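Right, one structure below, let's go through it.
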Amino acid sequence: MDVRNEKTISFAVMHFTVAFTVAYLLTGSFVVGGAVALVEPAINTVVFYFHERFWSRLSDTPETATEAKNPLSAICSH
């Protein structure tokens, strides 16, 4: 198995575990903990998609592209 796949799977397991544990500790309910562990990562995935689109568009602007080529341009232009 590719290391990236292993990393993705381990992150997903960690994410579900953290979501379940936090929800369970706050509510004392296995049902709520399980629901949050399933729903929160799904919503987070959709939000991440739009987050990436936003940053992709931001990095496509001419000003940002120039700064990306020369990181010192932001400091030297002032």
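The structure presented is a predicted model; accordingly, all values stated were derived computationally and were not measured.
- Note that CD of E40 is 8.5 Å distant from OG1 of T45, once rounded to the nearest 0.5 Å.
- Between F20 and G33, the shortest heavy-atom distance links the atoms CD1-C, 3.2 Å.
- Note that CZ of R57 and CG of D60 are 9.0 Å apart. Values are rounded to the nearest 0.5 Å.
- Here the CZ-CZ distance, from F16 to F11, works out to 10.5 Å after rounding to the nearest 0.5 Å.
- Taking CD1 of I43 as the reference point, atom CG of L38 lies at 11.0 Å (rounded to 0.5 Å).
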So K7 and D2, side-chain contact (heavy atoms from CB on, under 4.5 Å) or not? Walk me through it. CA-CA 9 Å; K7 192 174 176 182; D2 185 11; over 6 Å; no
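- By the rule that hydrophobic residues join a cluster once side-chain heavy atoms approach within less than 4.5 Å of another member, V22 and L25 end up as members of separate clusters.
- With rounding to the nearest 0.5 Å, the separation of OG in S59 from CD in E52 is 9.5 Å.
- Residues T17 and V13 approach most closely at OG1-O, 2.7 Å, considering heavy atoms.
- Residues S29 and V32 come closest through the heavy atom pair OG-N, 3.1 Å.
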